[in-house]
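Questions regarding the structure given below will be posed in turn.
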Amino acid sequence: MTAINRRRALSGSAAIAVGVPVLAACGSDSSNAEDSSGSDDTGSGDSGDSAGGDNGGGGTSGEVLASAADVPVGGCFVVSGAKVVVTQPSEGDFKAFTAVCTHRGCLVESSTEGDIPCPCHSSKFSLDDGSPLAGPATTALEAVEISVDGDSISRA
Ligand code: FES
């Protein structure tokens, strides 16, 4: 009787060891950790007026974001602290958007590849208007008003 109980106990622990899940990490920079503290955006509306969210849209007017030289032509430059991505779709034409991905809130990445990529689930956004070019994101990045003075790009 004791032997049977011991056998059962051993087989039970083996089953537990086999049941340990294997987690696969998706590649992303440590600087780009998901920030789920702000909001639960699943299914949220597209009005873009959600106060309280820290999505880069509420910075101080006049805040210097980048120098024009930081932003590649046909690419984008992420200002991590401000959570803003500045783009230059064509030479001398600068635009800016929130750098917070509309899918799950990761920060998008700087790029020279003709779009704004998100490292978390591979969404891509337009340099021109922040609209989604590839999912899973379905909502555009919110525009951020900027002014360009010489080589300096600031929040308008
Ligand atoms: Fe950007 Fe999922 S958080 S694609």
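In what follows, every heavy atom counts, from backbone to side chain, and hydrogens, waters and symmetry copies are set aside. As the structure lists them, so they are numbered: ligands from 1, and atoms in each ligand from 1.
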TODO: With sequence neighbours excluded, tell me which residues meet side-chain hydrogen bond (donor to acceptor under 3.5 Å, both in side chains) with S147.
DONE: none
Open item on the list: If the cut-off is 2.8 Å, does any N/O/S atom of C101 fall short of it from atom 2 (Fe) of ligand 1?
Closed with: no
TODO: With side-chain contact (heavy atoms from CB on, under 4.5 Å) as the test, would you mind laying out the steps for K95 and L127 before giving the verdict?
DONE: CA-CA 8 Å; K95 306 196 175 201; L127 297 175; over 6 Å; no
Task: Pick from S123, A137, A134: the one approaching atom 4 (S) of ligand 1 most closely through a non-hydrogen atom - done: S123
Task: Expected output: side-chain D151 to main-chain A68 donor-acceptor under 3.5 Å - done: yes
- [ ] Answer yes or no for C120 and C101: SG-SG distance under 2.5 Å.
- [x] no
Task: Pairing residues for D149 by the side-chain contact (heavy atoms from CB on, under 4.5 Å) criterion, not counting sequence neighbours - done: none
Open item on the list: Give the atom numbers and elements of ligand 1 that come within less than 4.0 Å of a heavy atom of C118.
Closed with: 1 (Fe), 3 (S), 4 (S)
Task: Heteroatom of H103 nearest to atom 2 (Fe) of ligand 1 (N, O or S, atom name) - done: ND1
Open item on the list: I'd like to know if atom 1 (Fe) of ligand 1 has an N/O/S atom from C106 within less than 2.8 Å of it, counting both backbone and side-chain atoms.
Closed with: no
TODO: State the atom name: nearest N, O or S atom of H121 to atom 2 (Fe) of ligand 1.
DONE: ND1
